[in-house]
Amino acid sequence: GAVVSQHPSWVICKSGTSVKIECRSLDFQATTMFWYRQFPKQSLMLMATSNEGSKATYEQGVEKDKFLINHASLTLSTLTVTSAHPEDSSFYICSAREDRGHRETQYFGPGTRLLVL
Amino acid sequence: GEDVEQSLFLSVREGDSSVINCTYTDSSSTYLYWYKQEPGAGLQLLTYIFSNMDMKQDQRLTVLLNKKDKHLSLRIADTQTGDSAIYFCAEFPRHTPLVFGKGTRLSVIA
């Protein structure tokens, strides 16, 4: 299957700093990428849908100024957690959609674990 | 609205078969998916089934689809300890993000 990478895989930062997470589709072009957040023992919560070359669409309750998303190319989307606080500590997973015309599939990155001290 | 339901826990003995069930609501979903998440990892696409099929087999995995009842199941034959993980059922209404269930935590007892 297609491969999606994320970097970094884990990050520890001080409260008030900003953290950037990269998501790349390695062997396909993704016009649409998704960012999810997952709390321990819970399902994935969709944060936003990122379309290449346009503004991201945020889900209700997700602050767009807090979670900046940039989808500058067909293989790269970034999520920046601005002025991170301990409550932002979570597991962030990106996903990229591969569209083969007859079938769409979402492939997931390995996740980024963020710990804000 | 869209909603995917799964049981939260399943415990089986090593070597037995595991059956994870799922119900979904959106009949427009062309494909239905099963993902596996191991501890601390992202989601791995396990298998999928096209909505006009009622069964798909892939090695130890068998997916059964009852489109009339909107019921999907994943059977894992000869379950191994390495199969311990969370399994997510997902429906995929076209041009929208996947809609996930809450996940079924499979525990395999040696």
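Note on naming: letters A, B, ... go to the chains in the order of the sequence lines (proteins, then strands), and numbering restarts at 1 for each one.
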Output for pair (B:Y48 OH, B:Y31 OH), nearest 0.5 Å, gives 6.0 Å
Okay, B:Q44 and chain A: the region with an atom under 4.5 Å from a heavy atom over there is neither
Here the gap from A:H71 atom NE2 to A:C23 atom SG, rounded to the nearest 0.5 Å, amounts to 8.5 Å
When the 4.5 angstrom heavy-atom criterion is applied to A:Q6 and chain B, the contacting part is neither
Bottom line for B:L43: the part with an atom under 4.5 Å from chain A's heavy atoms is both
Interface check, chain B: of A:L44, A:T105, A:V4, most non-hydrogen pairs under 4.5 Å belong to A:T105
On the six-membered ring of A:F91, is A:R113 placed so that its NZ or CZ lies under 6.0 angstrom from the centre and within 45° of the ring axis? yes
A:T82 meets the side-chain contact (heavy atoms from CB on, under 4.5 Å) criterion, sequence neighbours left out, with A:S18, A:K66, A:L68, A:T80
